[in-house]
Amino acid sequence: MSAEKPETRVQTVTEPLYIGMDVGGTKIQTSLIGESGKIYAFLKGRTPRGCTPETTIAEIQSSVERLLAEQGLEIGDLKSIGIAIPGVVEPDTGNIVVTPNMNLSGVPLGKILREYFGIPVAIGNDGNLGTLGETWLGAARFAKSAVGIFVGTGVGSGMVLDGKLWYGASYAAGEIGHIVAQVPARSWRETLNLVDVKRKIKPPVCGCGNIGCLESIASRIAIEHAIQEAVASGVKSKITELSNGDLSILRAGMLARALKSGDKLVTAVMQYTAEVLGYACLTIRHLLDPEVILLGGGVMEACHKYLMPTIDKIIAEDKLPFAPSNRRVVLSSLGDDAVALGAAALARAEVLHEHNVVASVLRTLEYPALSQDDDGNCRVNEELFDQDFVILSDGTLEYRTPPLADAQNIKRKELMYVCGGTVQQLILTGRDIAQLSLTKKAAEYLRLRRIEVQILPLDKAIDVFNHSTLPRAAVFCIAKPVELPVEMS
């Protein structure tokens, strides 16, 4: 005989809902996101390539409709939609000024989608929104200033100051991917014919049309082009096998596998990429001196173990002295969700006219009232609970889904669900807290998200939860042990 797994309590979503979309050069991620930052569902699809703008727009529309249909929702169940685009965007109108790696330049995307869906639609630059997402819920939480660099198909970036995006005079502030990292200027040695001009390597032309941009030498496309050139010239590489001989698109995962195998060509190209990114971080630090520089995007996510040591070394060897501070260069912690969360935050800000995302979210969170009766049992809003339960980031309560046999072992996957929103404090409690434990991955997840964790006796946990002023979540392991009958011999 074994203990029955408690039935999961299905809660009706009571918080306002938004769609956050990350429309990139290779993929479209569409997420259903609550006001607290909790992601309820998402889907991913390919970005159409070699097509008309109308085809891309149709795919954006279809992605929203498919996600809603899967969740049994309609467009009227949403407050608004936020969309991230890799390019220069007019945030007030949603007009796309330019998208170097896509086909939406000059498209009034905001107007088209607002007319199609009939609800507010906010559109922003993907780097800006990725930085906003990380400042809200990720590795830059609590930072007063943050600059994000997202190495993907291109190099996106963004700046957040005091919880607000910094756009600049023409909405192009923080376009770090288009700072000139390889100067095309003709040197005095060339002018005086003191160097062999024929042997000089010219800086590459960027997708934006300028020469020597960071994006043209440190993005996935730049890495792709470098590897293609080397293979075409006769250099052998395992990447040919990993890509089944098709080098036209090299995914970040392929690059990571080639690095892990010790492939000389990919290692050399990625070492150069790491050095370029390291010096770019140094430039940003000297120019803006932000509290946090974030590094994210598909290439960083897949290859950070090989890239970060070089970047950290360059930063550590900076010779320019600074006053002591808590400045840091960190890997983003939200992964693929950062941009979608930032897009949802922008959509929410447009509806509520509140542009300090974190402060405005905190004013909307409501939590249940906890208490303990004379018998030591836990009550939630006066209802007796004798099974394990969790309180999520949006304040809703659910029974825990793991079987009771696994009840004391708190894993990363569960914490990602429980803390998947605006959470600064996690409270863990149980009938025997000495038996409670966090897996290594769970502890690392909390550290990266900068979530304070407290393991407390039941009475203390209830008191702390009720009186905390922080956005919080909790795991209550309070089910009584099941006494198994003694089998008769």
Side-chain angles (χ1 to χ4, degrees), residues 86-89 91 97-98 100 124-135 138-152 154-185 187 203-204 206-219 222 272-297 299-300 307-308 310-332 338 342:
V88 179
V89 178
V97 179
V98 61
N125 170 267
D126 60 345
N128 279 339
L129 298 185
T131 307
L132 182 61
E134 288 285 347
T135 306
R141 288 176 66 193
F142 318 127
K144 293 183 178 179
S145 58
V147 173
I149 305 175
F150 300 92
V151 186
V155 176
S157 53
M159 296 192 295
V160 172
L161 302 175
D162 291 327
K164 301 177 184 179
L165 287 170
W166 179 255
Y167 291 114
S170 58
Y171 311 115
E175 280 290 347
I176 292 159
H178 299 289
I179 61 174
V180 178
Q182 193 170 341
V183 180
S187 74
C206 182
C208 71
N210 287 329
I211 298 174
C213 294
L214 176 66
E215 181 172 292
S216 70
I217 55 178
S219 64
Y272 173 71
T273 302
E275 291 181 20
V276 170
L277 290 171
Y279 289 116
C281 289
L282 213 58
T283 299
I284 294 163
R285 172 170 284 186
H286 293 169
L287 178 66
L288 300 172
D289 194 24
E291 186 176 337
V292 175
I293 297 176
L294 288 158
L295 293 170
V299 172
M300 288 301 306
L307 299 174
M308 286 302 293
T310 296
I311 294 170
D312 288 339
K313 184 173 184 292
I314 290 171
I315 295 296
E317 292 177 349
D318 185 5
K319 299 299 189 295
L320 188 63
F322 288 92
S325 70
N326 60 350
R327 295 175 309 157
R328 57 193 187 278
V329 177
V330 299
L331 188 69
S332 65

Below 3.5 Å, can you tabulate the donor-acceptor pairs from side chains in residues 276-290 to any protein atom, sequence neighbours excluded?
{"residue": "Thr283", "atom": "OG1", "partner": "Tyr279", "partner atom": "O", "Å": "3.0"}
{"residue": "His286", "atom": "NE2", "partner": "Asp318", "partner atom": "OD1", "Å": "3.2"}
{"residue": "His286", "atom": "NE2", "partner": "Asp318", "partner atom": "OD2", "Å": "2.9"}
{"residue": "Asp289", "atom": "OD1", "partner": "Arg327", "partner atom": "NH1", "Å": "3.2"}

(message) To the nearest 0.5 Å, what is the distance between CG on Asn125 and CZ on Phe150?
(response) 10.0 Å

(request) Measure across Gly87 and Glu175 and return the closest heavy-atom pair with its distance rounded to 0.1 Å. (result) O-OE2, 4.2 Å

(request) Identify, with sequence neighbours excluded, every residue that meets side-chain contact (heavy atoms from CB on, under 4.5 Å) alongside Thr310. (result) Gln271, Ala274, Glu275, Ile314

(request) Enter the distance from Tyr167:OH to Asn128:CG here, rounded to the nearest 0.5 Å. (result) 6.5 Å

(message) Give me the atom names and distance for the closest heavy-atom approach of Pro184 to Pro203.
(response) CA-CG, 3.8 Å

(request) Check salt bridge (charged side-chain N to carboxylate O under 4.0 Å, His left out) between Lys313 and all other residues, then give those that pass, not counting sequence neighbours. (result) Glu317

(message) Testing the basics here: between Ala222 and Ala218, what is the closest heavy-atom pair and its distance to 0.1 Å?
(response) CB-N, 3.7 Å

(request) Only counting residues at least two apart or in another chain, list the ones meeting side chain to side chain donor-acceptor pair (under 3.5 Å) with Glu291. (result) Asn326

(request) Decide yes or no for Leu165 and Leu129: does some side-chain heavy atom of the first lie under 4.5 Å from some side-chain heavy atom of the second? (result) yes

(message) Between Glu215 and Val155 (side chain of the first, backbone of the second, donor and acceptor by atom type, cut-off under 3.5 Å), is there such a pair?
(response) yes

(request) Looking only at non-hydrogen atoms, find the nearest pair between Val299 and Gly152 and report the distance. (result) CG2-O, 4.3 Å

(message) Using every non-hydrogen atom in the two residues, find where Ser216 and Pro204 come nearest and quote the distance to one decimal.
(response) OG-CG, 3.4 Å

(request) First locate atom CG of Asp126, then atom OG of Ser157, and finally report the distance between them rounded to the nearest 0.5 Å. (result) 8.5 Å

(message) Once side-chain contact (heavy atoms from CB on, under 4.5 Å) is applied, do any residues pair with Val330, and if so which ones, sequence neighbours excluded?
(response) Ala139, Val292, Leu294, Arg328

(message) Going by the rule side chain to side chain donor-acceptor pair (under 3.5 Å), which residues pair with Ser332 if we only count those two or more places apart in sequence or in a different chain?
(response) Glu301

(request) Please list, chain by chain and in numerical order, all residues satisfying side-chain contact (heavy atoms from CB on, under 4.5 Å) with Val89, sequence neighbours excluded. (result) Ile85, Ile96, Ile123

(message) So which atom in Thr131 and which in Gly127 form the shortest heavy-atom distance, rounded to 0.1 Å?
(response) OG1-O, 2.9 Å

(request) Drop me the distance from Leu295's CG to Leu307's CG, to the nearest 0.5 angstrom. (result) 9.0 Å

